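The structure appears below as structure tokens.
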2 protein chains.
Amino acid sequence: MQQMAPLARFLPYQLSIASNAVSGRIAQEYRARWGLSVPEWRVMALLGDFGTITQRDLTRLSLMDKVAVNRACKVLEDRGLVERTPNQQDGRSHLLDLTQSGRDMHAQIMPLAREMERRICAGFSEAELETFRAMLDRLHRQSEIVDADDIVSDNFGIE
Amino acid sequence: MQQMAPLARFLPYQLSIASNAVSGRIAQEYRARWGLSVPEWRVMALLGDFGTITQRDLTRLSLMDKVAVNRACKVLEDRGLVERTPNQQDGRSHLLDLTQSGRDMHAQIMPLAREMERRICAGFSEAELETFRAMLDRLHRQSEIVDADDIVSDNFGIE
DNA sequence: AGCCATTTGTTGCATAGGCAACTATCCTTC
DNA sequence: GAAGGATAGTTGCCTATGCAACAAATGGCT
């Protein structure tokens, strides 16, 4: 069924479809069970681990766009899962934390995350998983977006 | 700088940011050089390899949504890179192929693809790359979307 | 031949996501 | 303490992406 097209051996493509499949499956689970989007789930996870932090902290920790963080926080606040309190040290920002309801949900969603990770990693050794993580980190670092000048001056051996 | 948050060790998350970084970088290159989106580039690559095929074939080969394939083909046709001819065997579909201009561009874009792949794989052994590909394939297959009934009946050990 | 289910391609709609611009606040420097 | 640049958060806009619904055509079944 799956043909051996050259495209199917192109590593960035394989990475993309695997990531989309995993993300799509996880998004489906969290939406069906708790009505959470992926950005919302990530904010819940970070707030559960780090406690009282600002949107700026969440942006740094999650590597998400600050707008994505802001919108996720707004939804969670409207649902009563997160509360904002004024930040005495900096009037521009607010301190965010889980409410009791948010902590209850956090206690529900984390075991599912760990279980899903365990499932998709089943059958691979610790060494293989470490190699896999190392490669993902390397791919991430080597693919950082550079500015336009660098692109123009770097012709990849073409022509 | 990069904190050791639990989220940063969550494999689906690492997979997502690595894939986004790689895809974003590649998309940037192809947009800057030839004004091609990722779906358009994929269609170009497949047409270059497989010759005269239908949109249905392209959808199967690329694993993309049929709408994405259709829109990419339309753009490529408008740019004179792809041409459609009636399909005598099936009046519903058309046969797609690269024009001479499209073949010229194909000859340009494939070396860049191979060079980018070589770069991001630099420093890893063939065995490591094979393990990596195997894991991506496995993640993809294990994460196939299932229907809603399966989700409800499968509680992942919660409660 | 006629009907019905299936398939291909297309369009429209609804959502997600990122970037630029803006406000408010902070911090430095004079 | 006033001015200028930097930073946190917010809003609006634009694009990308995917699904549902649809029209045209096919193929099977009687």
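Letters A, B, ... mirror the listed sequences (proteins, then strands); counts begin at 1. Since this is a predicted model, take the numbers as computed values, not measurements.
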Self-check item: Touch class at under 4.0 angstrom, heavy-atom based, for B:Thr59 against every strand present
Solution: nothing
Quiz prompt | Partner set under salt bridge (Lys or Arg N to Asp or Glu O under 4.0 Å) for B:Arg31, not counting sequence neighbours | solution =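 With neighbours one apart ignored, the set is empty.
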Exercise. Could I get the full list of salt bridge (Lys or Arg N to Asp or Glu O under 4.0 Å) partners for B:Arg118, not counting sequence neighbours?
Key: B:Glu115
Quiz prompt | Check: B:Asp104/B:Gln108 side-chain N/O donor and acceptor closer than 3.5 Å | solution = no
Atom [atom1] of [X] to atom [atom2] of [N]: distance rounded to whole Å?
{"X": "A:Gln55", "N": "D:dT11", "atom1": "CD", "atom2": "P", "answer": "10 Å"}
{"X": "A:Arg31", "N": "D:dG18", "atom1": "CZ", "atom2": "C1'", "answer": "13 Å"}
{"X": "B:Leu63", "N": "D:dG18", "atom1": "CG", "atom2": "P", "answer": "12 Å"}
{"X": "A:Asn20", "N": "C:dG17", "atom1": "CG", "atom2": "P", "answer": "12 Å"}
{"X": "A:Gln28", "N": "D:dG18", "atom1": "CD", "atom2": "P", "answer": "15 Å"}
{"X": "A:Ile17", "N": "D:dT17", "atom1": "CD1", "atom2": "C1'", "answer": "17 Å"}
{"X": "A:Met64", "N": "C:dC19", "atom1": "CE", "atom2": "C1'", "answer": "17 Å"}

Quiz item: Does A:Leu58 reach the side chain of A:Leu47, with side-chain heavy atoms less than 4.5 Å apart?
Solution: yes
What are the atom names and distances for every N/O pair under 3.5 Å that joins the protein to nucleotides 19-23 of chain D?
{"unit_1": "D:dC19", "atom_1": "OP2", "unit_2": "B:Asp65", "atom_2": "OD2", "d": "3.0"}

Self-check item: Sequence-distant partners of A:Tyr30, ring-ring contact (aromatic ring centres under 6.0 Å, His included), two or more places apart
Solution: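 Testing A:Tyr30 for ring-ring contact (aromatic ring centres under 6.0 Å, His included), a comparison that skips the adjacent residues, returns A:Trp34, A:Trp41.
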Self-check item: Partner residues of B:Ser23 under the side chain to side chain donor-acceptor pair (under 3.5 Å) criterion, sequence neighbours left out
Solution: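 Side chain to side chain donor-acceptor pair (under 3.5 Å) check on B:Ser23 returns nothing, list empty.
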Summary of salt bridge (charged side-chain N to carboxylate O under 4.0 Å, His left out) pairs that have at least one residue in [range], sequence neighbours excluded:
{"range": "residues 65-81 of chain B", "value": "B:Glu77-B:Arg84"}
{"range": "residues 91-101 of chain A", "value": "A:Asp90-A:Arg92"}
{"range": "residues 124-139 of chain B", "value": "A:Arg9-B:Glu130, B:Glu117-B:Arg133, B:Glu130-B:Arg133"}

Quiz item: In residues 72-95 of chain A, which residues come under 4.0 Å of DNA chain C by heavy atom?
Solution: A:Asp90, A:Gly91, A:Arg92
